[in-house]
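Worksheet: the structure to be examined is printed underneath.
Along the sequence shown, residues are numbered consecutively beginning with 1. Hydrogens, waters and symmetry mates play no part in the numbers below; they use all other heavy atoms, side chains included.
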Amino acid sequence: MTIARAPGKVILFGEHAVVYGRPAIAVPVSGVEATAIVEDASPGQGITVIALDLGRCFRVDEAPSDDPLRLIVELTLRRLGIESPPALTIALRSTIPIARGLGSGAAISTAIVKALSQHLGVTLPPSEISALVYEVEKIYHGTPSGIDNTVIAFESPVFFIKGRPIQTFTMGQPFSLVIGDTGISSPTRDVVLDVRKAWERNRAYYETLFDRIGKVAEEGRKAIEEGDLMRVGRLMDENHSLLVEMGVSCAELDELVEAARKAGALGAKLSGAGRGGNMVALVEPETASAVEKALKEAGASAVLITQVRGK
Ligand code: MEV
């Protein structure tokens, strides 16, 4: 039996603009995770996926050819040079809420690649895991930047620019994040598509917005490296305002962001695609529980506190 895990993620700076080539910063969230357990099955049975949280149990070769779970299994086998699938079961569990900006799809795919390849005797490097997961992200997201698969496969804070090698960076000091869930499902694919349509209608306006967000991400990296958390927080606030201008926030996200700031957060913003899903607040350890309480009172359906450290 082989078990592998993958964390969730939050984007600290640069969502959406990252799809258009601007830099972004994301960090892994270890308080939630996806797990894949691979076990040998009776010969001749092929590969069965048991997705407990989704209530799905199916043979991989009987699933539709564009099923993301089928695809990641097949891509992994192809990478390992295995032509006839061995008899296996792959049991999946995840504590990462789906369609809430925490990278649930990329984490499930990552856990599958890791568990399956290790079970078959190969340990793939994070870069290869990330590349395989990216192929499946295209089904979940349409035109993904690749940031989710990268941060989750590397399990490290990343400064990410689409199509370029991953950049990790040093952190002046570790910090704490409080992540609040609006309880609203918001598929990334839909929001990314809406932003694309808006960009096509008014390229000049959106390009300027993306440039401003890219600049905030660059300054955010500098502030994180210098350990200047006050500045990181202010930049997160600025990033949220730009996302509001972009039209990807919603009343529930704005309320949680405001509640976190009032309770003493150094800064707060929506995280991920927006229009629902999660927001993230940067806090000093001593204000974490006040911010958590304020978020719950403001209607958050779940609140998570996580520490971010360098690799
Ligand atoms: C999703 O986590 C982040 C987006 O920027 C989409 C992407 O980068 O693929 C909204």
Exercise. Is Glu284 close to Thr287 at the side-chain level, that is, under 4.5 Å between some pair of heavy atoms?
Worked result: yes

For this session: Evaluate the side-chain proximity of Val29 to Leu177: yes if any heavy-atom separation is below 4.5 Å, no if none is.
Result: no

For this session: Examine distances only and state if a side-chain atom of Lys162 and a backbone atom of Val19 form a donor-acceptor pair shorter than 3.5 Å.
Result: yes

Problem set entry | Pairs flagged by side-chain hydrogen bond (donor to acceptor under 3.5 Å, both in side chains) wherever residues 213-222 is involved - sequence neighbours left out | Gln167-Arg221, Lys215-Glu219, Glu219-Arg231, Arg221-Glu225

Exercise. Counting N and O atoms only, with roles assigned by atom type, does the side chain of Thr110 sit under 3.5 Å from a partner on the main chain of Ala106, one being a donor and the other an acceptor?
Worked result: yes

Problem set entry | Partners passing side chain to side chain contact (heavy atoms under 4.5 Å, CB included) against Pro126 (at least two apart in sequence or in another chain) | Phe154

For this session: Please report the shortest heavy-atom distance between Ser186 and Gly274, naming the atom on each side.
Result: OG-O, 2.7 Å

Seminar exercise, completed: Under a side-chain separation threshold of 4.5 Å, the hydrophobic residues clustered together with Val244 are none

Seminar exercise, completed: Output for pair (Asp66 CG, Leu71 CG), nearest 0.5 Å, gives 8.5 Å

Exercise. Any salt bridge between Glu135 and Lys138, counting N to O under 4.0 Å?
Worked result: yes

For this session: Output every pair passing side-chain hydrogen bond (donor to acceptor under 3.5 Å, both in side chains) with a member in residues 75-85, not counting sequence neighbours, ordered by first then second residue.
Result: Arg79-Glu128

Problem set entry | For Asp211, all residues meeting side chain to side chain contact (heavy atoms under 4.5 Å, CB included), sequence neighbours excluded | Arg22

Exercise. Taking C-beta and beyond as the side chain, do Leu102 and Ile179 meet within less than 4.5 Å on heavy atoms?
Worked result: yes

For this session: Compare every heavy atom of Leu229 with every heavy atom of Leu282, then report the nearest pair and how far apart it is.
Result: CD2-O, 3.4 Å

For this session: Please test Glu238 against Arg234 for salt bridge (Lys or Arg N to Asp or Glu O under 4.0 Å), starting from the C-alpha separation and ending with a verdict.
Result: CA-CA 6 Å; Glu238 198 177 328; Arg234 278 199 303 273; over 6 Å; no

Problem set entry | Distance, nearest 0.5 Å, that separates CZ of Phe160 from OG1 of Thr150 | 4.0 Å

For this session: Measure from the side-chain N and O atoms of Thr182 to the backbone N and O of Gly277, and report whether any donor-acceptor pair falls under 3.5 Å.
Result: yes

Exercise. Hey, does the side chain of Ser241 reach the backbone of Asp237 with a donor-acceptor pair shorter than 3.5 angstrom?
Worked result: yes

Problem set entry | Asn149 (side chain) donor-acceptor with Ser130 (main chain) under 3.5 angstrom | yes

Problem set entry | Salt-bridge criterion met for Lys114 and Glu155 (N-O under 4.0 Å) | yes

For this session: Sequence neighbours left out, what pairs pass ring pair (Phe, Tyr, Trp, His ring centres under 6.0 Å) with at least one residue falling in residues 24-65?
Result: none

Exercise. How many angstroms lie between atom CG of Leu235 and atom CG of Leu266, to the nearest 0.5 angstrom?
Worked result: 12.0 Å

For this session: Would you list the pairs meeting side-chain hydrogen bond (donor to acceptor under 3.5 Å, both in side chains) in which at least one residue belongs to residues 28-41, sequence neighbours left out?
Result: Arg5-Glu33, Asp40-His119

For this session: List the steps, then state whether side-chain contact (heavy atoms from CB on, under 4.5 Å) holds for Met171 with Phe169.
Result: CA-CA 7 Å; Met171 292 173 55; Phe169 53 94; 4.2 Å; yes

In residues 45-52, what donor-acceptor pairs under 3.5 Å come from side-chain atoms, sequence neighbours left out?
none

Exercise. Transitive ILVMFWY cluster of Ile37 at side-chain heavy atoms under 4.5 Å: who else is in it?
Worked result: Met1, Ile3

For this session: Kindly state each residue pair satisfying ring pair (Phe, Tyr, Trp, His ring centres under 6.0 Å) with at least one member in residues 17-38, sequence neighbours excluded.
Result: Tyr20-Trp199, Tyr20-Phe210

For this session: Measure from the side-chain N and O atoms of His16 to the backbone N and O of Leu243, and report whether any donor-acceptor pair falls under 3.5 Å.
Result: no

Exercise. Can you tell if the side chain of Ser104 reaches within under 4.5 Å of the side chain of Pro97, non-hydrogen atoms only?
Worked result: no

Problem set entry | side-chain contact (heavy atoms from CB on, under 4.5 Å) evaluation trace for Val73 with Ile90 | CA-CA 9 Å; Val73 169; Ile90 305 176; 3.8 Å; yes

Exercise. Do the charged groups of Arg70 and Glu62 touch, with an N to O distance under 4.0 Å?
Worked result: no

Exercise. Among pairs that include at least one residue of residues 264-282, which meet side-chain hydrogen bond (donor to acceptor under 3.5 Å, both in side chains), considering only residues two or more places apart or in two chains?
Worked result: Glu15-Lys269, Asp194-Arg275

For this session: Could you list the residues that satisfy side chain to side chain contact (heavy atoms under 4.5 Å, CB included) with Ser94, not counting sequence neighbours?
Result: Ala34, Asp53, Ile96, Ile108

Problem set entry | Asn239 (side chain) donor-acceptor with Gly14 (main chain) under 3.5 angstrom | yes

Exercise. Below 4.5 Å, heavy atoms only, C-beta onward: do Gln307 and Phe175 meet side chain to side chain?
Worked result: no

Problem set entry | Any Glu137 side-chain heavy atom under 4.5 Å of Asp148 side chain | yes

Problem set entry | Exceeds 12 heavy-atom contacts within 6.0 angstrom, atom CD1 of Ile98 | no

For this session: Indicate yes or no for a side-chain donor-acceptor contact from Tyr134 to the backbone of Ser145 under 3.5 Å, with no hydrogens or angles considered.
Result: no

